[in-house]
Each structure stands twice: as C-alpha cells, then as structure tokens.
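The sequence lines fix the lettering, A, B, ..., with proteins before strands; numbering per chain opens at 1. These numbers come from the heavy atoms of this one structure, side chains and all, not from hydrogens, waters or symmetry mates. Bear in mind the structure is a predicted one, so any value in this text is a computation, not a measurement.
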2 protein chains.
Amino acid sequence: MHYPEPISKLMDSFMKLPGIGPKTAGRLAFFVLSMKEDTVLDFAKALVDAKRNLQFCSVCGHITDIDPCYICQDQSRDRTTICVVQDPKDVIAMEKMRDYRGLYHVLQGAISPMDGIGPEDINVPSLLTRLQEDEVEELILATNPTIEGEATAMYISRLVRPSGITTTRIAHGLPVGGDLEYADEVTLSRALEGRREL
Amino acid sequence: MHYPEPISKLMDSFMKLPGIGPKTAGRLAFFVLSMKEDTVLDFAKALVDAKRNLQFCSVCGHITDIDPCYICQDQSRDRTTICVVQDPKDVIAMEKMRDYRGLYHVLQGAISPMDGIGPEDINVPSLLTRLQEDEVEELILATNPTIEGEATAMYISRLVRPSGITTTRIAHGLPVGGDLEYADEVTLSRALEGRREL
C-alpha cells in the first residue's frame, strides 16, 4: 500500500472507466486533490445526477431527463420521418449535423445472433408499435455500417415493407476529407456501387 | 443543446480533468450511465472523500489521511536519513522501489524565481526546523533534474552545510534500458561526469 486509502479508492474508481489505466488514474486522482472543493462536490453531484435522473424516452428510447424526450416533444419537427439508430450517441451525432428535422428511434443495440441478441432484445417491437400508430412515411435506417448494423437494417426493412412505409438506408462511401488511396476495399466497392450522376 | 443537461454537466466535470477533451468526456459520461448505480455512488463518494479526508502530514508534508503520515509514524524506518522530494507523487515513486527505508520531506514545489516562488513558499522552513530537532545524519536531495529542481537542491545544500549534516544529490545519468544514441547531450555529459570505477 503506497497510496493513502482515499487516493487509492479514487484511483480504483477512475480505473473502472474505459481507457484509464493505473498511471492516468494516479494523475487524475492527484489532480482532483488540487481542485477546489466546490468543483469536486459538483463533479460528485454530476455523477450521481447523471446516473439517477436520466432515463430512456418511452417513445423513442433516446436518453433523456424528461419523458417524452425533448425531440419527441418538439412539435416543430417533421413527424413523418423516423431515423433508426443504434445508440443515444448516434442521435447526438445526427443532431450536431443540424440537417435532420425528423424524429428518432434508438434501438439500444443491433441484432447479433452470435451474442444471442435477437430483434426482441432491442427496441424493434416498440418501433413497430410506433409505425402502426403514427403518421410515418419514411423510415431512415442509420444503423452502423457493421455486420450487425447491416443485418439489423435489412431485418427492419423486410419487416416494414408490407406496411407501405418507405425504408431508406444512409449511404456508404468515402468519408469527406478522406483519401481514396487509404480506403478499404469494401468501402470503395460501396462507394462505386452508390455512384450518382452529376 | 444536444445533450440532456445531466450528461452535459457530467461532461463539463470530466473536461476539467487533465488530458480529457469533449470527445473523451462524452465517452466517459455515457460509460457512467452504463455503470451500476452502486459503482457510481462509490465513485462520487471516493471523489468527496479524497478531497475532504486528505491533508498534508504536519511533519514531512506528504499527502495523508492520518497525521503524522504512516511513514513518519513507522518506527522501523531509519530516522537518520531524510529524502527531500518536490511532490507527494515522488514519495510514492520512491516507495515503490522498496529500497529506501529512511524518512521523507516533501517540498510541495521547487524554488522558481521566474514564477515568484522563493524558499519560504515551499516547505524549506519546516525542513530546517526538522533538521535542528531530529537526529538526521544525511539529507538526500531528490528534487527533479530540472533547472528549478537543481536550483532548489543547490540552495538547500548550501543552507544545510554549516550544520555538518551530509547532503547528497541523487545521480544523473542514462536511464536503465535507455539508449546512448538517443540520450540528450546534458544527460550524457552528466553520465560521463558521474562515471565510477568498476
């Protein structure tokens, strides 16, 4: 035991976070000691508040402190379009873009038979209920461009097709600012496949 | 405002820590949401405890939860030797080595006229008091090998010399496992200067 107990306990807590090993944990713990007491108390409160006051929106599954979430409540948004994403962080990425004015549906994961995750384990049933009740015209499938994400998009698209709602998938291709030379074969093949007339 | 308030507050708190920018803060904040409530409460408690229950040892200036600290209290340690370091983290580095059985004195900084830090602003006066009272025979100056650290070591050494206590400075040279090719000139010159007969 080299560290006084309060420090080693704080280090243990920091080390539970992703990407933080013993060295960084030590540096952060000592930094906390040098912070003002008020700032540390705010930090502690923020941790507890974030854990206790947040929940998943009962409509779209996005993480929120009010239910329904501020996006579902916003009457100025286009209620005929739903963008399906895997994760609350994806909603935030989409919102940062400021181009999309429709609603969201957060699946909280993707179908992955290898990990035993089926459509019922993620928010697919609630999506179907929503599609029956609401005046949705287009479902944009924005799951990740991974095997699981693709499979999930494919599954939902087949499920929804009979209802007559248009399902679209976001485009795959070269990232803007990227370099053709460094693009992997699959991305390049998708970029070629998705080419458009100018 | 893309994030619900409890998340953005938690992100702000994380961003006050060194080396954590908005992206990492977001990742950590979302990770906290996925942690068990007990773990988050422990984390919050560890933060507050570390800030509130730690103090500087009234004898050596090391950070501690009991006063005097566990090193100063340990009667099995060699009380004739004091190792002078700049920072509580240096004590921990020394203790990890397990080779040193003497006491410590933590300066909480180094003399730096450029930043207006003089000997009275760091724990030099308390060191002198200690030297008068205790049965110290050797003072090991283990301040950092920087301009400020060297100046501090030099200053303390001159101050202590009349008292007849031996003052020594830890060796400078090539780090073990290092490469001569990549050593800087000053280190190499110090390594040559400090050469010893085999």
Open item on the list: Quick check: is V84(B) connected to L128(B) through a chain of hydrophobic side chains (ILVMFWY, heavy atoms under 4.5 Å apart)?
Closed with: yes
Task: Greater than 12 external heavy atoms within 6.0 Å of K9(B)'s NZ - done: no
- [ ] Tell me, please, which residues at least two apart from D42(B) pass salt bridge (charged side-chain N to carboxylate O under 4.0 Å, His left out).
- [x] none
Open item on the list: Let me check something: do M15(B) and I20(A) share a hydrophobic cluster, defined by ILVMFWY side-chain heavy atoms less than 4.5 Å apart, either directly or through other members?
Closed with: no
Task: ILVMFWY cluster, V91(B) and V59(B) together (side-chain gap under 4.5 Å) - done: no
Open item on the list: For Y70(A) versus Y3(B), what's the shortest heavy-atom pair and its separation?
Closed with: OH-N, 4.4 Å
Task: Heavy-atom closest pair, residues P4(A) and I63(B) - done: CG-O, 3.4 Å
Task: Greatest number of heavy atom pairs closer than 4.5 Å to chain B - which of H62(A), R27(A), R52(A), M11(A) - done: R52(A)
Open item on the list: Could you check whether atom NZ of K16(B) has more than 12 heavy atoms from other residues, nucleotides or ligands sitting under 6.0 Å from it?
Closed with: yes
Open item on the list: Pair D65(B), I7(A) - check side chain to side chain contact (heavy atoms under 4.5 Å, CB included), show working.
Closed with: CA-CA 9 Å; D65(B) 48 346; I7(A) 295 197; over 6 Å; no
Open item on the list: For F30(B), which atoms come within 4.5 Å of any heavy atom of chain A: side chain, backbone, both, or neither?
Closed with: side chain
Open item on the list: Please output the residues of residues 144-161 of chain B in contact with chain A, using a heavy-atom cutoff of under 4.5 Å, in numerical order.
Closed with: none
Open item on the list: Is there a path of hydrophobic side-chain contacts, each under 4.5 Å between heavy atoms of I/L/V/M/F/W/Y residues, joining F43(A) to V48(B)?
Closed with: no
TODO: Output, in order, the C-alpha distance, side-chain angles, deciding distance and verdict of side chain to side chain contact (heavy atoms under 4.5 Å, CB included) for L10(B) and K45(A).
DONE: CA-CA 9 Å; L10(B) 182 55; K45(A) 194 171 168 300; over 6 Å; no
Task: S13(A) versus A46(B), closest heavy-atom pair with distance - done: OG-CB, 4.0 Å
TODO: Determine the option with the most heavy-atom pairs under 4.5 angstrom with chain B, choosing from G19(A), C69(A), A50(A), P88(A).
DONE: A50(A)
Task: Closest contact, heavy atoms only, V32(B) versus K51(A) - done: O-CD, 3.8 Å
Open item on the list: For L54(B), which atoms come within 4.5 Å of any heavy atom of chain A: side chain, backbone, both, or neither?
Closed with: side chain
Task: Proximity of residues 33-40 of chain B to chain A, residues having a non-hydrogen atom under 4.5 angstrom - done: L33(B), S34(B), M35(B), K36(B), E37(B), T39(B), V40(B)
Open item on the list: Counting only heavy atoms from other residues, nucleotides and ligands, does the tally under 6.0 Å from CE of M97(A) exceed 12?
Closed with: yes
TODO: Heavy-atom pairs under 4.5 Å with chain A are the metric here; pick the option from I71(B), I92(B), I66(B) that has the most.
DONE: I92(B)
- [ ] With rounding to the nearest 0.5 Å, note down the distance linking CG in L17(B) to OG1 in T24(A).
- [x] 11.5 Å
Open item on the list: With a 4.5 angstrom heavy-atom cut-off, is it the side chain or the backbone of F31(A) that approaches chain B, or both, or neither?
Closed with: side chain
Open item on the list: Which one wins on heavy-atom pair count under 4.5 Å against chain A: A44(B), G26(B), P18(B)?
Closed with: P18(B)
Task: Proximity of residues 181-191 of chain A to chain B, residues having a non-hydrogen atom under 4.5 angstrom - done: none
Task: Same apolar cluster (I L V M F W Y, side chains within < 4.5 Å links), L47(B)/L41(B) - done: no
